[in-house]
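Take a look at the structure below.
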Amino acid sequence: MAKAPIPILAERARQIMVSGDPGAAMDCNKDSLAGAVSQRACVFCGSRVVLYPIADALHLVHGPIGCAVYTWDIRGALSSGPELHRLSFSTDLAERDVIFGGEKKLYRSLIELIDRHQPKAAFVYATCIVGLIGDDLAAICRQVAKERGIPVLPVQSEGFKGNKRAGYQAACKAMFQLVGTGDPAGISPHSINILGDFNLAGETWLIRDYFARMGVEVVANITGDGRVDAIRRCHGAALNVVQCSGATMELARMMEERYGVPSIRVSYFGIEDMSDALYRVAAFFGEPAMLARTRELVRTETAALLPELEHYRQALAGKKAAIYVGGAFKAFSLVKAFRLLGMQVVLVGSQTGTAEDYAELAAITDPGTIIVDDANPLELSGFLAARGADIFVGGVKERPIAYKLGVAFCDHNHERKECLAGFAGMRNFAREVYASIMSPVWRLVPRQETAEAAVASEEVR
Amino acid sequence: MATMAVKTGAAVSTTNACKLCAPLGAALAFRGIEATVPFLHGSQGCATYMRRYIISHFNEPIDIASSALGEKQAVFGGGPNLMQGLANVIRKYRPRLIGVATTCLTETIGDDVPRLLKDFAREQGDDSELPLLVPVSTPSYVGTHMEGFHAATRAVVAALAEPGPRHGGVNLLPGLVSPADLRHLTEIFREMETKVTILPDFAATLDGPALAHYPLIPAGGTPLAAIRRSGSAAASLELGRTLAGKDTAGGLLQQACGIPCLRLGLPIGIHETDRFLAELTRISGRPVPARIKEERGRLVDAYVDGHKYVFGKRAVVYGEEDLVVGLAAFLAEIGVQPVLCASGGTSGQLAQAVAAATADLTREAPVVREGVDFFEIEELAAALEPDLLVGHSKGYSLARRRRIPLIRVGFPIHDRLGGQRILHLGYRGAQALFDTVANALIAAKQDGSPVGYSYM
């Protein structure tokens, strides 16, 4: 296959490394480079991701219409009850509000929406413009909270104040104001909070079921299928089980500091990490009966799963995968999951990884794997072609890049509709990877024709 | 599903907006210009969110650059980031034009983008590789994405069009229509043997073929040379019945180059398409070709075949104002009563435009509302008892709650494949819409029948 040069801007050269290269180190956690067409969003986006699944809260975006409309119900975040989170509320600031200030409109909007929907709490998101015009979000929130008797929480998520990671922190700060305001009486000593799962395709329900089978009480899911009252009393749990690359780490840290709730960091993706997560929770409680139940759970689930995976392994062995996801923690699990399927990871990257994350990726990937921080379409498409990836795992923004080039794609982000966590999720993942790669449509794409032409011309020679 | 509460009258807050923001419209318009990179001067999130939104409709990559402003730039000005961003886009993409749209952030901190672009060009010296830099002011707190779309189109014309001896071709300014519509318009002009410059034209750039290599910039778009010549065309045809008195590309060409600007409705349905073709005939002096007349004839035949299934049904129509007007005209002529015509836009002309396009065709005047969101649309719809919804896919939750069919048209279509392939315009577009509407109503009747039936 002909290789076009991969256009990398000099300023970005240190944000790309190759696994196994001596002295390779990653320059990361910096602002996106202007003009680089980063795949990243903003602080506001980070806050929305984390808080949006709290289904009985009102989520009001204070700003011009775009910020609210582009985040209207874009994530699965399923709820077993109220669905207030699926509506897109905005103050829809107009020019006059920008000139004279938006506080009055915010106040009136909040009162109107709270009276209309009777939510358990309200989150008010600051956008870029609010940071500039200086509306006193906190003061309005305090006033409305007093008048309406529910928590009204400002989220300081002005888009320009850093990247998505800063948005996670803003979200955690807002939630932390709820923690400790409910009554923790009656909570089992064997209890946890699930942090960092967003129930995109029912994952939280699956994980809760595993914990129930172990005999562990889940006090609050933060935030998948989330409820305000559960978060208010979640300080009564014995342990915080935190998934993902730190979307809710800050909340766990604050809860440890104020309430002495310890935390562990886990992943629910892939057999290895899922089992490890359950065993670590069992080990924390140190209860022999619970440990036995956990062993039984893992044994039952894997015994059912492994023979089915073998079928997929045979078809997929040797295929090449590329990964570009938001948080690096998910990338770790994906590397292992692909290995389980007999596949080779040729590219792995994230939007918001830390130096330690990238060191870990370098440690667990095969030599020669490209590792990239805060990439863009030209780099991603260049690496996909150069490394001959058979499948690309990413989010919606990555999908058309893969498809345009005739590469299979698997959505492992906020908009997926397939449950990919847990043992059931590994089965779904294998099935989706298989269905994506084995489709006969790839025989028709120009990339294949080019490859075949190259092989043919080799043969002629 | 989420529930909507009782009627509250005119709301202060917005719930489920029926509009998008101005920079998104600008990015879409710029994508329809040859060798152009859309560039948003603002924080990174705007570009990324809009890309994501556009991708989900077109299923096509769209690279939108950003000056990726941070807190420091928000305080001290975004000029340096804009310069750096432009330099990086030029180095990587080698565009011939960069369309720089502002956002709420940069409008409010007061960055003087036209001046910054001049500074940038001066600093680059006499670099012949330097692309054209076209600024457009699109604060997201003014208007909707349609204002952004038209402003960007106008900005490109302002930067490029040159007056000159008349060449007899036509400028067609179609507004926000689908790639399928753009291809059909091109075909109509070819059959009418009339030279046309469609501006913008994202038929290829947002609905392209599978490729072996990722293109730096997708092929297609209105050629820059053609935009230059737009200043010496025989006439401009600007589609949109709510554009009167607005500062648009067509108006600018008239004012600056003396090109007569004819404003027509979007050619949706037979009446509006007849008007469109009549104007074309008048301008070009060429008759409507037999093949197009045959298409019209078959369409009339189809209307007759299906009239019973649609007559008297009540439709709620929502979306971009000009599209709403066109759809209302189409529905009225097939006997469907548009009971509510609603838009998030606020041109001040929607009611008048709907009335003009549906006059003599409907027995009761539709309720027309500008500046509404889906909360208000649902409140109004509750009393109007519609049989169907016609609009983009953001009306889905409303359709689901009320258990009525949703005919997906316009932008965005996020919950079905093929939004970019929906044909709305011309007799052929009307044929597609008619079949879809009639079949949706037949299916609803069939599904609701206690026994089901296998003949209509």
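To find a chain, count down the sequence lines: A is the first, B the second, and so on, and within it residues start at 1. Remember, it's a predicted structure, so these values are computed and weren't measured experimentally. Just so you know, these numbers use all the heavy atoms, side chains as well, and skip hydrogens, waters and symmetry mates.
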Search all heavy atoms of [X] against all heavy atoms of [Y] and return the closest pair with its distance.
| X | Y | result |
| --- | --- | --- |
| A/C45 | A/R75 | SG-NH2, 4.2 Å |
| B/F58 | B/L206 | CD2-O, 3.4 Å |
| B/G371 | B/T346 | CA-CG2, 3.6 Å |
| B/T205 | B/G220 | CG2-C, 3.6 Å |

Among [options], single out the residue with the greatest number of heavy-atom pairs under 4.5 Å to chain A.
| options | result |
| --- | --- |
| B/G143, B/G45, B/G85, B/S13 | B/S13 |
| B/L20, B/V89, B/I62 | B/L20 |
| B/Y49, B/Y141, B/Y93 | B/Y141 |
| B/A47, B/C104, B/A65 | B/C104 |
| B/C46, B/P215, B/S66, B/G344 | B/S66 |
| B/H414, B/K92, B/Q84, B/H145 | B/K92 |

>> Against the six-membered ring of A/Y70, is B/R52 placed for a cation-pi contact (under 6.0 Å from the centre, within 45° of the normal)?
In response: no
Given a strict heavy-atom distance threshold of 4.5 Å, which part of [X] is in contact with chain B: side chain, backbone, both, or neither?
| X | value |
| --- | --- |
| A/V396 | both |
| A/A10 | both |
| A/R96 | neither |
| A/L132 | side chain |
| A/D115 | neither |
| A/L106 | neither |

Between [options], which residue shows the highest count of heavy-atom pairs closer than 4.5 Å to chain B?
| options | result |
| --- | --- |
| A/T71, A/D97, A/V98 | A/V98 |
| A/A68, A/S381, A/G66, A/A55 | A/S381 |
| A/S32, A/G162, A/C128, A/P377 | A/P377 |
| A/D31, A/L380, A/L113 | A/L113 |
| A/S90, A/S79, A/P82 | A/S90 |

> Have A/Y403 and A/R399 got a donor and an acceptor in their side chains that come within less than 3.5 Å?
Replying inline: no
>> What I want to check is whether the side chains of B/D63 and B/Y214 have a donor and an acceptor closer together than 3.5 Å.
In response: yes
Pick one of side chain, backbone, both or neither for [X], based on which atoms fall under 4.5 Å of a heavy atom in chain A.
| X | answer |
| --- | --- |
| B/P61 | both |
| B/T14 | both |
| B/L69 | backbone |

> Angle class for the A/Y125/A/F44 ring planes (parallel below 30°, perpendicular above 60°, tilted otherwise)?
Replying inline: perpendicular
> Between B/H392 and B/K394, is there a donor-acceptor pair closer than 3.5 Å when you use the side chain of the first and the backbone of the second?
Replying inline: yes
> Are the aromatic rings of B/F374 and B/Y318 close, with centres under 6.0 Å apart?
Replying inline: yes
> So A/K417 and A/D411, salt bridge (Lys or Arg N to Asp or Glu O under 4.0 Å) or not? Walk me through it.
Replying inline: CA-CA 9 Å; A/K417 302 289 178 279; A/D411 189 352; over 6 Å; no
>> Would B/E147 and B/T144 count as a side-chain hydrogen bond (donor to acceptor under 3.5 Å, both in side chains) here? Give the steps.
In response: CA-CA 5 Å; B/E147 273 73 16; B/T144 71; 3.0 Å; yes
